[in-house]
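Right, one structure below, let's go through it.
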Amino acid sequence: MGSIIAILPDHLLNNEHEVLLTLFESGLDDLYFRRETTREEILYVYEHIPPHFHNRLILPLVAAQWRHETGFKRYHVKEKQRSEEGLYFEKEEIDDYRFSTAIHCYSAMKTLNDRYEMILVSPLFNSMSKSGYTAMAASERMKFENSSDSIRKIGLGGINLERIIQFPEIVQSFDGIALMSGLWQVENIHATFLRIRKLWKGI
């Protein structure tokens, strides 16, 4: 099965780095550190997440200004930042980095260059945290499902344990799933992750 990505909420989790380390050790594939942050916070992440997990971290594009201090190679580009990622890098080095972005309609795929390693396709389901943020039409979703593009397509939006069980035909048509409220707003984060991992990957 495909990847499982966790997207950090805007607020700090209790014992956040301990929680993240436990998830990485339990099979979390990628973590998108979404919060806009400072140099001190990025260096804290660098120092407190073991080096062998650094290649699983995806940082906000603004964190690229500290790339030479951390060696982090993966950055997420917001919709309004697309085509501007080169402003953060020297021309001769940009090919050494990889990018992701969120997409809400299939036509936006045409705007991406080959440095994008994956896209977050959303919302697959009605949002659990944003009022009025409703699932994309099935006809639009199927354009992604039937696409032959090599870029990895990760389902995002309203994904939790119950919806994976109820609508496997939707989530399984993507290369991976991204978890937000369905992971952080539960009583036991680790136990929920293990159940989702077993459903998603069969292990």
Side-chain angles (χ1 to χ4, degrees), residues 1-10 19-20 22-34 55-58 74 76-79 82 98-112 114-203:
M1 269 296 179
S3 303
I4 300 178
I5 299 172
I7 301 178
L8 278 181
D10 293 329
V19 170
L20 300 182
T22 298
L23 292 178
F24 276 134
E25 291 174 339
S26 299
L28 180 67
D29 294 296
D30 294 306
L31 174 74
Y32 170 24
F33 200 94
R34 182 182 62 161
N55 64 343
R56 302 191 196 182
L57 292 173
I58 302 169
R74 304 172 70 195
H76 187 82
V77 181
K78 293 183 177 180
E79 188 172 1
R82 282 183 213 144
R98 287 294 173 265
F99 305 103
S100 59
T101 193
I103 284 183
H104 311 295
C105 62
Y106 184 74
S107 61
M109 291 273 291
K110 298 177 182 178
T111 67
L112 305 182
D114 58 7
R115 299 186 190 97
Y116 282 82
E117 62 175 349
M118 69 178 182
I119 55 172
L120 304 177
V121 180
S122 73
L124 285 196
F125 302 101
N126 293 342
S127 173
M128 292 179 283
S129 59
K130 297 180 181 179
S131 178
Y133 196 54
T134 57
M136 69 169 57
S139 58
E140 189 70 19
R141 187 187 72 242
M142 291 176 66
K143 293 177 184 178
F144 291 99
E145 295 174 4
N146 297 327
S147 169
S148 60
D149 297 284
S150 59
I151 191 168
R152 290 168 57 212
K153 303 169 191 69
I154 309 298
L156 168 66
I159 298 175
N160 61 10
L161 180 63
E162 290 73 23
R163 284 172 173 164
I164 293 173
I165 293 171
Q166 293 172 2
F167 306 103
E169 71 283 356
I170 293 179
V171 292
Q172 290 175 5
S173 59
F174 287 84
D175 301 311
I177 53 174
L179 304 171
M180 292 181 64
S181 299
L183 182 60
W184 309 123
Q185 295 180 6
V186 296
E187 184 174 347
N188 190 318
I189 292 172
H190 186 228
T192 298
F193 174 77
L194 291 177
R195 291 188 66 189
I196 290 175
R197 179 173 177 261
K198 184 172 180 61
L199 276 174
W200 183 245
K201 299 196 175 193
I203 52 177

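Excluded from the calculations below are hydrogen atoms, water molecules and symmetry mates; all remaining heavy atoms, backbone and side chain alike, are included.
- Partners of S26 according to the side-chain contact (heavy atoms from CB on, under 4.5 Å) rule, which considers only residues two or more places apart in sequence or in another chain, are T22, H190, F193, L194.
- Side-chain atoms of F125 and I170, non-hydrogen and from C-beta on, do get closer than 4.5 Å to each other.
- The heavy-atom pair separating L120 from A178 by the smallest distance is CD2-CB, 4.4 Å.
- A heavy-atom distance below 4.5 Å is found between the side chains of I196 and I164.
- In this structure the side chain of K201 reaches within 4.5 angstrom of the side chain of D29, judged on heavy atoms.
- In this structure, S3 and D175 have side chains that are not in contact, with every pair of non-hydrogen atoms separated by 4.5 Å or more.
- A salt bridge links R34 to D10: one of the charged nitrogens lies within less than 4.0 Å of a carboxylate oxygen.
- Under the rule for a side-chain hydrogen bond (donor to acceptor under 3.5 Å, both in side chains), N188 has no partner lying at least two apart in sequence or in another chain.
- For D114, the salt bridge (charged side-chain N to carboxylate O under 4.0 Å, His left out) test picks out no residue, with sequence neighbours left out.
- Note that OG of S147 is 7.5 Å distant from CD1 of I119, once rounded to the nearest 0.5 Å.
- Atom CG of L183 sits about 12.5 Å away from atom CD1 of I5, to the nearest 0.5 Å.
- Pairs engaging residues 149-163 under the salt bridge (Lys or Arg N to Asp or Glu O under 4.0 Å) rule: D30-R152 [sequence neighbours left out].
- Annotation: side chain of F33 is not in contact with side chain of L57 (no heavy-atom distance under 4.5 Å).
- Residues satisfying the salt bridge (charged side-chain N to carboxylate O under 4.0 Å, His left out) criterion with R98, sequence neighbours excluded, are absent altogether.
- The side-chain heavy atoms of L8 and L20, taken from C-beta on, include a pair separated by under 4.5 Å.
- Residues N126 and T134 come closest through the heavy atom pair OD1-CA, 3.3 Å.
- In terms of the ring pair (Phe, Tyr, Trp, His ring centres under 6.0 Å) criterion, residue partners of Y32 (sequence neighbours excluded) are, by chain and number, H76.
- Between I159 and W200 there is no side-chain heavy-atom pair separated by less than 4.5 Å.
- When all heavy atoms of I177 and I154 are compared, the pair lying nearest together is C-CG2, 3.6 Å.
- To the nearest 0.5 Å, atoms CG (L179) and CG (L31) are separated by 11.0 Å.
- For F144, the ring pair (Phe, Tyr, Trp, His ring centres under 6.0 Å) partners at least two apart in sequence or on another chain are Y106.
- By the side-chain contact (heavy atoms from CB on, under 4.5 Å) test, P9 is found to be paired with H11, L13, W184, residues two or more places apart in sequence or in another chain being considered.
- For R82, the side-chain contact (heavy atoms from CB on, under 4.5 Å) partners at least two apart in sequence or on another chain are V77, E79, T101, I103, A108, T111, L112, Y116.
- Listed by first and then second residue, the salt bridge (Lys or Arg N to Asp or Glu O under 4.0 Å) pairs involving residues 134-146 are E140-K143, R141-E145 (not counting sequence neighbours).
- The side-chain hydrogen bond (donor to acceptor under 3.5 Å, both in side chains) test applied to E117 returns R74, not counting sequence neighbours.
- You'll find the side chain of Q185 stays beyond 4.5 Å of the side chain of N160, heavy atoms only.
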